[in-house]
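Just below is one structure, and these are the notes that go with it.
No hydrogens, no waters, no symmetry mates; every other heavy atom, side chains included, goes into these values. One-based numbering along the sequence shown.
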Amino acid sequence: MSFPLLTATAAVPAIGAIATAAVPAAKRTAAKWLALAFSLVTFALALVIAFRFVPGAKGPYQLTESHAWIRDFGVRYELGVDGIAVALIALTALLIPFVILAGWHDADPLEETNPNRRWRPTQGFFALILAVEAMVILSFEATDVFLFYIFFEAMLIPMYFLIGGFGDRAHVHGEEQAATQRSYAAVKFLLYNLVGGLIMLAAVIGLYAVTADQLGTGTFSLQQIVEARAAGKLELGTGTERLLFLGFFFAFAVKAPLWPLHTWLPNAMGEATAPVAVLITAVVDKVGTFAMLRFCLQLFPGASRWATPAILVLALISIVYGALLAVGQRDIKRLIAYASISHFGFIILGIFAMTTQGQSGATLYMVNHGISTAALMLVAGFLISRRGSRLIADYGGVQKVAPVLAGTFLIGGLATLSLPGLAPFVSEFLVLVGTFSRYPVIGIIATLGIVLAALYVLVLYQRTMTGPVKAEVRSMPDLRVRELVVVAPLIALLLFLGVYPKPLTDIVNPAVGHTLSVVDKKDPKPAVQVDAVPGGARHGHAAPDQDVEAAK
């Protein structure tokens with residue numbers, strides 16, 4: 001039997017979580033290094049997956065594993081990756097070591113002189129991060145719907161404790177009120193996602209019942225269901241398909257998060273530590289948008305086409321609404337949270353534009369948003385830890401006392417507003433072009449998000465980094481070596497993928513093509529009328545009723 005590479009990639013951080021949690025309480029530093037070591041091994045395995053993956057190979061999934069699990073209910077342990085999953089597994093495995101390094105001291109005990117001090121179990125903090133990584137990777141790998149559902153829901157538990165138990169030390173209010181806010185944010189995160197998950201569970205059971213009725217034996221296998229539908233062996237009634245689609249989509253829209261199911265995100269990111277905030281928006285939330293591509297579109301193609309207009313409107317509202325609220329924020333971390341809501345609107349817009357450019361851009365956006373948001377949020381976390389405040393008004397003139405910190409903050413911000421030459425620009429451009437080719441009005445309105453992004457990013461930089469140096473930041477130190485190790489590779493990736501995205505596009509494009517073929521959607525063909533002119537020259541005119549091939 002070949003080596004189970006996909007299982008190993010998820011098992012390593014799971015084992016690391018157990019090993020880190022078992023380290024004696026007095027050896028906090030050893031627990032940190034152990035967690036970092038396991039995360040680096042996971043990243044190495046993710047690179048092996050990327051190198052062994054063959055873009056465009058026959059079949060939708062590669063490196064597959066399949067074993068019987070719960071035979072009586074048709075549940076199998078089935079794993080497989082396409083190009084989209086490979087890119088997101090690599091993103092997850094890349095970010096976790098930086099999350100651990102950035103949060104190196106976030107779980108240390110509070111100062112003994114603090115009368116409200118509380119013990120923060122360092123081992124638990126890093127063990128929970130590794131546990132989330134294992135569940136996210138398995139979610140990207142699972143091709144059995146029930147197996148996916150288990151890890152889609154299970155990751156909520158460690159995230160709940162990371163948000164509620166390890167909050168940010170830079171409080172807007174006192175310690176007691178901050179603890180209340182952390183608990184509120186954690187409970188809100190858990191309840192929103194649990195409700196979405198329970199609705200999805202009902203849809204999962206309904207899907208099983210339909211397959212059992214029509215195929216003779218119930219199955220949760222994504223590939224088997226898709227192939228049965230393509231062969232005409234499985235027919236979902238229009239009403240049934242739409243109800244099942246809505247059950248799945250609701251859960252993914254909460255996780256994504258899509259307006260109006262987004263309200264948990266600003267609370268969670270605002271109250272969590274900066275590394276945990278990165279874990280939320282750059283890693284965990286990507287499971288929602290990924291699942292829309294893998295499960296919603298492939299399991300329910302007819303319902304996906306039916307729901308597309310409404311989803312595009314919701315995505316458009318997310319883009320504009322998130323950006324507008326980001327402009328008015330006083331809290332640095334909440335500003336980044338609302339900016340992420342706007343960015344997720346772009347991702348969902350690209351997915352449901354149902355074009356090759358749109359879905360390729362959406363997948364690239366997932367990766368590039370993860371890198372750019374991680375860079376911006378982690379530098380913001382370093383800034384906040386120095387000043388002890390999340391409020392924008394408490395800063396000013398930082399670039400004069402900490403120029404490297406200010407410079408990296410600027411690059412992260414410019415990536416967030418999709419400046420040409422940085423990675424997010426490529427993905428945002430593809431999303432807009434892919435949307436415009438089929439829904440020009442929505443594509444035009446969506447560009448408002450770009451204008452607003454420039455506004456909230458540049459205003460944030462101006463108010464925090466420029467102007468007179470405030471007394472409270474006059475002695476602020478610049479980035480330390482550990483912090484530079486965290487930020488520098490992320491900035492390098494933003495630059496590299498901004499000028500050369502081909503390694504990513506080569507991986508994801510075949511998977512996007514497969515998804516569109518399942519949904520039975522083709523790219524709109526540009527209509528061109530080609531006329532002969534004297535001397536053999538030719539020129540083109542618009543011809544709405546004539547496709548390119550006919551024109552040729």
Side-chain angles (χ1 to χ4, degrees), residues 1-23 31-55 57 59-70 75-101 123 126-155 157-158 220-223 279 282-284 286-287 290-291 294 367 370 503 507-508 511:
M1 186 175 65
S2 60
F3 178 73
L5 181 59
L6 299 186
T7 296
T9 307
V12 167
I15 295 170
I18 297 171
T20 302
V23 174
K32 298 175 185 179
W33 284 107
L34 185 64
L36 180 61
F38 273 99
S39 70
L40 291 173
V41 172
T42 305
F43 178 57
L45 289 173
L47 290 179
V48 174
I49 291 175
F51 283 114
R52 288 191 58 185
F53 182 81
V54 181
Y61 305 110
Q62 299 180 36
L63 307 175
T64 55
E65 302 173 28
S66 181
H67 307 283
W69 183 19
I70 309 175
V75 180
R76 297 185 62 82
Y77 178 80
E78 282 191 352
L79 305 179
V81 291
D82 57 8
I84 300 170
V86 169
L88 292 175
I89 290 170
L91 171 70
T92 302
L94 168 73
L95 292 181
I96 295 300
F98 298 130
V99 166
I100 291 173
L101 278 173
Q123 290 83 345
F126 294 103
L128 290 170
I129 291 175
L130 291 175
V132 171
E133 179 182 25
M135 295 174 189
V136 169
I137 289 175
L138 275 170
S139 297
F140 292 142
E141 296 174 345
T143 57
D144 182 279
V145 177
F146 190 79
L147 181 68
F148 168 83
Y149 172 78
I150 289 175
F151 295 107
F152 180 81
E153 287 290 273
M155 70 179 70
I157 305 304
F220 293 102
S221 171
L222 171 65
Q223 192 166 354
L279 195 62
V283 176
V284 171
K286 298 301 187 301
V287 177
F290 164 80
R294 172 166 284 190
V367 176
I507 290 176
V508 304

Out of curiosity, [X] [atom1] to [Y] [atom2], how far, rounded to the nearest 0.5 Å?
X: F98; Y: F43; atom1: CZ; atom2: CZ; answer: 7.5 Å
X: T64; Y: L79; atom1: OG1; atom2: CG; answer: 9.0 Å
X: Y61; Y: E141; atom1: OH; atom2: CD; answer: 13.0 Å
X: F126; Y: I100; atom1: CZ; atom2: CD1; answer: 7.0 Å
X: Q62; Y: L5; atom1: CD; atom2: CG; answer: 12.0 Å

So which heavy atom on [X] is nearest to which on [Y], and how close?
X: P158; Y: M135; result: CG-SD, 4.3 Å
X: L45; Y: A8; result: CD1-O, 3.7 Å
X: A46; Y: T9; result: N-CG2, 4.3 Å

Taking the side chain as every heavy atom from C-beta outward, state whether [X] and [Y] have any atom pair closer than 4.5 Å.
X: S221; Y: R76; value: no
X: L222; Y: F148; value: no
X: T143; Y: R294; value: yes
X: V287; Y: M155; value: yes
X: E78; Y: L147; value: no
X: F146; Y: I150; value: yes
X: I137; Y: T42; value: yes
X: V23; Y: W33; value: no

Only pairs under 3.5 Å count here: list side-chain donor-acceptor contacts from residues 81-96, not counting sequence neighbours, and write none if there are none.
{"residue": "D82", "atom": "OD1", "partner": "I84", "partner atom": "N", "Å": "3.3"}
{"residue": "D82", "atom": "OD1", "partner": "A85", "partner atom": "N", "Å": "2.9"}
{"residue": "T92", "atom": "OG1", "partner": "L88", "partner atom": "O", "Å": "2.9"}

**Asked** Taking atom types as modelled and ignoring hydrogens, do the side chains of E65 and T7 form a donor-acceptor contact shorter than 3.5 angstrom?
**Response**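 Note: E65 and T7 side chains meet the donor-acceptor criterion.
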**Message:** Checking A19 now: which residues fulfil side-chain contact (heavy atoms from CB on, under 4.5 Å) with it, not counting sequence neighbours?
**Reply:**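 A19: side-chain contact (heavy atoms from CB on, under 4.5 Å) contacts with L34, F38.
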